[in-house]
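For reference, the structure is listed below as structure tokens.
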Amino acid sequence: MTLKLSRMASRGRLHMKRSTQANRIARAFGVESIASISGFTPRGLTMTAAAISAPGHTSGHGTCSFADDAFLILLGTEKAQDIAVRARDRQIAPVHLGENQGLVIDLATVSDIHWRGPLDVLVAYLPRHAVFEGHSAALADTAIRSGVMPQCRFLVSIDTCLRHALACPRFPYANALGRQMLLALAACIASKEHLRVDRSFVREVSLSIDQRALATSYVSTHPDLDISASDLADACGIPFATFVRAFRHSVGTTPHDWLMARRLERAKHMMAETELRLSDIAATVGFCDQSHFNRVFTRHTGYTPGEWRKLFAAVVEVQD
């Protein structure tokens with residue numbers, strides 16, 4: 001039978017909304033809801049971690065409904081984990097995760113995942129652009145090894161910290177801890193499991209260098225406007241649907257998430273350099289109200305805007 005976890009993904013500020021990476025993890029394992037935590041790279045790319053557990057004498061399966069330029073990273077515990085993966089045109093091959101072992105699943109090729117309890121894994125969803133952020137030259141011909149990987153002490157520590165952040169969502173710095181651990185996991189996977197390949201991973205539908213520069217300059221030259229993805233598509237002269245696909249393939253994130261990251265960068269600058277009220281800053285950078293600004297800022301940084309401003313002021317005072 002397929003286990004139904006009781007903790008809903010939509011509850012709590014650390015849990016992602018439906019139709020996001022958390023939903024993809026849930027569908028991959030055939031569960032209806034999971035507890036998840038999200039983190040963002042400096043460029044605004046989303047990463048997600050979730051804990052999935054099931055008692056013995058249970059089983060389940062899920063489907064990766066579409067190919068994605070991302071990886072699922074499974075980190076196990078000391079208990080054996082029975083997981084079978086069926087790739088395109090391949091048979092199901094059981095994978096037994098022993099003590100301090102993990103599993104890398106390339107979502108560009110995987111279609112189904114079968115598991116048998118007892119199950120206790122931490123699952124991270126890492127887009128390839130997030131794994132290799134800052135190394136643009138590696139994007140075209142670098143992949144991650146799929147299959148079982150040994151968990152070093154560093155990975156075991158990341159696993160432990162992420163599980164604590166998921167188990168204690170009300171802890172004041174749980175989201176900040178989760179974000180930093182996801183960044184550490186992406187860096188660790190890139191350094192330990194990467195390999196060079198002959199085929200190119202660059203998608204056919206992508207923005208040209210001029211179009212990327214145009215989208216960036218449009219945001220920079222219109223800081224006071226509530227810019228939408230549709231505005232960027234119009235500025236680049238591309239139909240909206242084509243622009244969204246091309247932007248994601250070129251930048252590694254959606255236009256909406258990228259715009260949110262730019263707004264938050266400007267908000268941080270204004271909180272650090274001015275004494276404007278948070279409500280005024282929220283309106284200036286394009287949020288509909290301060291409540292929306294607070295939710296997005298907390299989801300990206302792990303701190304509320306008020307907490308971030310106080311921490312920044314304290315750091316400046318110490319440096320002076």
Side-chain angles (χ1 to χ4, degrees), residues 7 9-26 28 34-52 68-75 102 104-105 107 121-135 144 154-193 248 251-254 256-265 267-268 293-305 307-308 311:
R7 197 172 184 185
S10 59
R11 294 178 182 172
R13 71 179 186 180
L14 299 184
H15 304 307
M16 303 182 69
K17 298 178 181 180
R18 305 293 290 180
S19 70
T20 58
Q21 294 176 0
N23 245 6
R24 296 177 190 176
I25 295 175
I34 55 175
S36 63
I37 189 170
S38 63
F40 297 83
T41 69
R43 295 183 181 177
L45 307 185
T46 309
M47 302 174 291
T48 301
I52 299 179
D68 201 357
D69 196 16
F71 306 96
L72 286 185
I73 311 298
L74 279 62
L75 302 180
V104 178
I105 301 176
L107 294 181
V121 294
L122 182 90
V123 184
Y125 185 103
L126 303 180
R128 193 166 60 85
H129 281 75
V131 173
F132 294 108
E133 182 168 299
H135 303 279
I144 300 295
F154 190 43
L155 283 175
V156 172
S157 298
I158 293 174
D159 178 25
T160 301
C161 291
L162 283 171
R163 288 177 186 269
H164 280 308
L166 285 163
C168 305
R170 295 185 181 276
F171 180 68
Y173 302 111
N175 208 1
L177 173 64
R179 176 179 181 271
Q180 295 302 320
M181 289 302 101
L182 281 166
L183 289 172
L185 177 59
C188 187
I189 295 299
S191 63
K192 288 172 61 65
E193 302 297 326
R248 182 171 183 177
V251 181
T253 188
T254 64
H256 177 268
D257 285 345
W258 185 81
L259 284 170
M260 282 296 179
R262 304 289 79 74
R263 290 177 184 175
L264 293 180
E265 287 178 2
K268 287 180 181 179
F293 173 55
N294 288 346
R295 290 195 304 272
V296 174
F297 192 94
T298 302
R299 185 158 58 93
H300 274 253
T301 67
Y303 303 97
T304 66
E307 291 172 343
W308 188 93
L311 287 172

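Here the structure is a predicted model, which means the values were calculated and not measured.
- Considering every non-hydrogen atom in both Ile37 and Gly178, the closest pair reads CD1-CA, 3.8 Å.
- Nearest heavy atom pair, residue Ala186 against residue Leu126, reads CA-CD1, 4.0 Å.
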#### Entry: Full working for side-chain contact (heavy atoms from CB on, under 4.5 Å) between Met260 and Phe40
CA-CA 11 Å; Met260 282 296 179; Phe40 297 83; over 6 Å; no
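- Contact of the Thr298 side chain with the Tyr303 side chain is not registered, since no non-hydrogen atoms from C-beta on lie closer than 4.5 Å.
- Qualifying side chain to side chain contact (heavy atoms under 4.5 Å, CB included) partners for Leu177, counting only residues two or more places apart in sequence or in other chains: Cys161, Ala165, Met181.
- Atoms CG and CD1, on Leu74 and Ile105 in that order, are 5.0 Å from each other to the nearest 0.5 Å.
- Residues forming a salt bridge (Lys or Arg N to Asp or Glu O under 4.0 Å) with Arg163 (at least two apart in sequence, or on another chain): Asp120, Asp159.
- The two atoms that bring Ile34 and Ala22 nearest to each other are CD1-O, 3.2 Å, heavy atoms only.
- Here the options are Ile158, Leu166, Ile73, the test is side chain to side chain contact (heavy atoms under 4.5 Å, CB included), and the partner is Leu122; only Leu166 passes.
- Although no hydrogens or angles enter the test, the distance criterion places a donor-acceptor pair under 3.5 Å between the side chain of Ser191 and the main chain of Cys188.
- Between Val104 and Leu72 there is no side-chain heavy-atom pair separated by less than 4.5 Å.
- To the nearest 0.5 Å, atoms CG (Leu162) and OG (Ser36) are separated by 12.0 Å.
- No side-chain donor-acceptor contact under 3.5 Å links Arg128 to the backbone of Phe71.
- Side-chain contact between Asn294 and Pro305 is present, with heavy atoms from C-beta onward closer than 4.5 Å.
- In this structure, Leu264 CG and Trp308 CH2 are separated by 10.5 Å, a value rounded to the nearest 0.5 Å.
- Contact annotation: the side chain of Arg263 never approaches that of Phe293 to less than 4.5 Å [non-hydrogen atoms, C-beta and beyond].
- For the side chain to side chain contact (heavy atoms under 4.5 Å, CB included) test, residues two or more places apart in sequence or in another chain that qualify with Ala130 are Thr41, Leu45, Met47, Pro127.
- In summary, Arg262 and Glu265 engage in a salt bridge, as defined by a charged side-chain N under 4.0 Å from a carboxylate O.
- Between Tyr125 and Thr46, every side-chain heavy-atom pair lies at or beyond the 4.5 Å cut-off.
- Side-chain contact between Leu185 and Leu183: absent, with no pair of heavy atoms (C-beta onward) separated by less than 4.5 Å.
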